[in-house]
Protein chains: 2
Amino acid sequence: MARSSTRPTSRDVAQAAGVSQAAVSLVLGDKWRGRVSETTAERVREAARELGYRPNLAARNLRLGRTRTVLLVVPALTTEFFAGVYTGAARVAARHGFGVVLYPSPEGIGPARDPFASAQAALDGVIASSMAADALTAIRGDQLPLVMLDSDPEGSLGAATVNLDIADGVRQVTEHLLGLGHRHILHLAADVPSWTFEMRARELAARLAAVPGTQIRTAPAPISIEGALAATEAALTATGPRPTAIVCDDDKLAAGAYKALRRLGLRVPDDVSVTGLDDLALATALDPELTTVRLDAELFGERGMEALLAVLEGREPEAGDIPVELVVRGSTAPPRTP
Amino acid sequence: MARSSTRPTSRDVAQAAGVSQAAVSLVLGDKWRGRVSETTAERVREAARELGYRPNLAARNLRLGRTRTVLLVVPALTTEFFAGVYTGAARVAARHGFGVVLYPSPEGIGPARDPFASAQAALDGVIASSMAADALTAIRGDQLPLVMLDSDPEGSLGAATVNLDIADGVRQVTEHLLGLGHRHILHLAADVPSWTFEMRARELAARLAAVPGTQIRTAPAPISIEGALAATEAALTATGPRPTAIVCDDDKLAAGAYKALRRLGLRVPDDVSVTGLDDLALATALDPELTTVRLDAELFGERGMEALLAVLEGREPEAGDIPVELVVRGSTAPPRTP
DNA sequence: CGGGGGACGTTATACGTAACACTTGGAGGC
DNA sequence: GCCTCCAAGTGTTACGTATAACGTCCCCCG
C-alpha cells in the first residue's frame, strides 16, 4: 500500500500493477493497442480502480500544454438566456472532450481590469459575449484564441464573431407593428453601452424612417423590472401624443412596461401594444402573453463553441448569422382608432 | 528577444532581466523582501511587463499541489437564484484569492456518472447544491473537500452543510394563511427527488396537522410554468371542495398556477390565494404581485464559500441556518366566505 | 541458421513553477 | 587578522504526466 494520506499517482498504480508508469499512462490514455497486452492492460485498469486513481489534471495540462478548458464570459447570470448559451456551449464542448468554465463579467466581483484573476483555471480559449472595448483589449492581451458573441464584426479586433440576426428580428417586429397600423412607437431601450443595443436602435430608426408618417421616441432604462417601470411611466406621462406601441429591447423590460401601463390604467394590447425580445419563461408568465422575438440561446452557445473549436484547430469558423423568429402572442393588436 | 511564437516563461523573464529564474519567482511571488534588492526587483517586474509574462497556471498548480479553484455544482442555471448563489460565492472566493467554476448538474450534458468529466479544471474543493445521492457518493469518492447546500444534515455523508431555514419559511407561510382564515390548501410541489422538497412537504403537513379542521392536498409538478399550469388545472377541476389557497414550492410554479387560475376564470386573490418561494424578479412581474418567501441567494453563496474555506483550512464551519423572510404582497387575502 | 520484425514493454525526458539549500562578497566585531 | 553574519542572490530539485526513443524476447521466413 502506498502513502494513504495523499492521492495516488500513476506511479502508485504502476507499482501496484507491477508495470512501469509509462505503461499506466498508455493504458489509461487508451493508446495501448499493439503496445501492451490485453491481460496487462486489464491488470492496470484493475489497479487503478482499486486505488481510486484520478489523473492529476494540473500535471496533464502542463505536460500537454493545453487544458481542454474554455472560458465563457457572460455579462451576468441573471437571465435564462445565458444559461441557455452555456448549455449549448457545454454540450458541444463535451462532445469534443472540452470543459466550459463560466466567468460572469466583473460587476462587483473583483477588479474589472483582469477578467482572469478570478478564473484561475488554465484556459485554451475564450468565448465572450458583448462587452466593453477595454475589457476586450485586456483579453486580447492574453493572446488566447477568442470568439465574440453578438459583437460588432467590424470592431472586434480581428476576433471571430458569432451573431444572432437581431437586425432581422427588429425588422420582423417593425413590420408586424406597422402592418397592424401602428405609427407612433416608443422604444424602451436597454441603457447598456453595447454594440448590440446600439445596433437595435439604429435598425429600428432606419426601418421606421422608411415609412412616412411614423414617429419614434426612445426611453433608456436599466435592464430591470423596476427601471423599466420608471422609464415607461415617465415616457408615457410626458406631453405629446401617446405612443400606441412599445418596443422593448428585452422581455424583462417588457415586464416593467406592463406594470407601468397597469399603474396608468392602460390595458395591453387594447390601449398599447408591447413587444419584447428573448422569449424567456417570463414572456408566457405575463398576462397577456408577450409578443416577442425568440432567440435560440442554446444554438447560440453551440455555434459559439463550434467557432472556438474551429479557431483552435486552425480552421475557418462557419459564417452566417443565426436566424431569429417573431412569436406573436396576445400583447399586440391594431391600435384603437381615436 | 525570446521565441516569439510561444508564451514567455519565467525563464525568459529571467534572461531579459539578467537574473536567475528563481529570482523571478521570488519577485513576482512577492516573497523577495530581504532576499532581492529593490532595484533588481524593479528590473524583473519591468522585464515581465515588457514581455507580457503570465505565469503558467498548470505549472503553478502542479508545483503547489493546489489550484485555488473551487467547483460550484448547481442543479441548473435556469433561475436567478443560483446566479445569486454564484455571485455570493465568487465574491468571498475573490477576497481569498480563489476562483469559482460552475458545473450545472448533468442534465443533458455528458454522463451523469462523472460530474468532473466536463469540469476539467483542477479543483481544491466542491460546493454542491442538493442533488441525488448517487452523484453525491461519486463526488465523495474523489476525496475532495465538500460543502453541501440545502441538504439533509443527517444524510450528507459527513460533509459540511449550509442550509437556508426553509422550514421556518414554511412556518411563516402557514401562519400567514391560517391567520387569514384559510383552511383548505393545495400544495403545488416540485416533482424533484430532493431532500429540501421532501422536507417542505413534511413541514407543511405537520404545521397544518396541528390545526383542527384543516385540509391539504398535494399536486406534484415539474418546475416549469407549463408543468405547473397542467398540475394546477388538474387539481382544481378534480372533485371535492376547492382549495382557497395554493402554496407553491417555487415562484415559477406560482406563475403556472396564476395561468391555470386565469384559464379557469378564477381570480387571485379574491377566489384563490397563492404563495411562492424564492422571490425572483418573476414574483413582482406577476399581477397581482406574489406573496412569497425571500431567500437571500447571495448570502447563501457567501456562507457556502466561507464554509468551504473553513474546511480547507481545517477550521470548523460556522453553524446556523440562514434566516428567510416572508414578503406579503397582493396574492394573498382572506378566503371569501361561501 | 541468420536476421527481420512484431509484440510487449521500459527508460528517460520535458513541460514551467516554487522552494530548499547553498554560495559569494563585503561589513562589522573583538 | 580572523571569524561571524547578513544581504543578495544562484543551482537544483520535485511536482505527475505523456511520449519519443530505445530494448528485449521470440517467431517465422528465406
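Lettering of chains follows the sequences in order, A, B, ..., and the numbering in each one begins at 1.
Side-chain contact between B:Pro145 and B:Asp124 is absent, with no heavy atoms from C-beta onward closer than 4.5 Å. A:Thr9 places none of its side-chain heavy atoms less than 4.5 Å from the side chain of A:Asn56.
There is no side-chain donor-acceptor pair under 3.5 Å between A:Ser194 and A:Thr196.
For A:Glu42, the side chain to side chain donor-acceptor pair (under 3.5 Å) partners two or more places apart in sequence, or in a different chain, are A:Arg45. For the side chain to side chain contact (heavy atoms under 4.5 Å, CB included) test, residues two or more places apart in sequence or in another chain that qualify with A:Arg315 are A:Ala310, A:Glu313. With sequence neighbours excluded, the residues that form a side chain to side chain contact (heavy atoms under 4.5 Å, CB included) with B:Ala89 are B:Met305. With sequence neighbours excluded, no residue satisfies side chain to side chain donor-acceptor pair (under 3.5 Å) with B:Ser25.
Mapping B:Ala41 and A:Arg11 onto DNA chain D by nearest heavy atom places B:Ala41 at the nucleotide closer to the 5' end. For A:Gln21 and A:Thr40, each mapped to the nucleotide of DNA chain C holding its nearest heavy atom, the one lying further toward the 5' end belongs to A:Thr40.
The separation between B:Asp12 atom CG and C:dG16 atom P is 9 Å, rounded to whole Å. Atom pair A:Arg43:CZ and C:dG9:C1' shows a separation of 11 Å (rounding to whole Å applied). Regarding B:Leu26, its CG atom lies at a distance of 14 Å from the P atom of C:dT17, rounded to whole Å. Across the protein-nucleic acid pair, B:Leu62 atom CG and D:dT13 atom C1' stand 13 Å apart, rounded to whole Å. The nearest whole Å value for the distance from the CZ atom in B:Arg63 to the P atom in C:dG16 is 16 Å. Per the geometry, CZ belonging to A:Arg66 stands 13 Å off C1' belonging to C:dC15, to the nearest Å. The CG-C1' distance, from A:Leu28 to D:dT19, rounds to 15 Å in whole Å.
Within the 4.0 angstrom heavy-atom criterion, only backbone atoms of the sugar-phosphate kind lie near A:Val19; the bases stay farther away. Among the heavy atoms of the strands lying under 4.0 Å from B:Leu64 are primed sugar atoms or P, OP1, OP2 only; no base atom is included.
Residue B:Arg60 places its side chain closer to C:dT17 than to any other of D:dG16, D:dT19, C:dT17. Listed nucleotides D:dG16, C:dT17, C:dA18 differ in distance to B:Ser25; the shortest reach to its side chain belongs to C:dA18. Considering only the side chain of B:Ala22, D:dT10 comes nearest among C:dG16, D:dG16, D:dT10.
Axis orientation changes by 60° from one end of the helix from C:dC1-D:dG30 to C:dC30-D:dG1 to the other, with each end axis drawn from 5 pairs and the value rounded to 10°.
OP1 or OP2 of D:dG9 has not a single side-chain nitrogen or oxygen of B:Ser20 nearer than 4.0 Å.
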Begin from the C-alpha positions of B:Asp150 and B:Phe300 and carry the test side-chain contact (heavy atoms from CB on, under 4.5 Å) through to its verdict. CA-CA 9 Å; B:Asp150 216 24; B:Phe300 197 28; 3.9 Å; yes

A:Phe98/A:Leu308 under side-chain contact (heavy atoms from CB on, under 4.5 Å): CA gap, chis, key distance, verdict: CA-CA 11 Å; A:Phe98 276 68; A:Leu308 184 54; over 6 Å; no

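Within residues 30-39 of chain B, the residues having any heavy atom closer than 4.0 Å to DNA chain D are, in order of number, B:Arg35, B:Val36, B:Ser37.
Under a 4.0 Å N-O distance rule, the pair B:Arg43/B:Glu46 does not qualify as a salt bridge.
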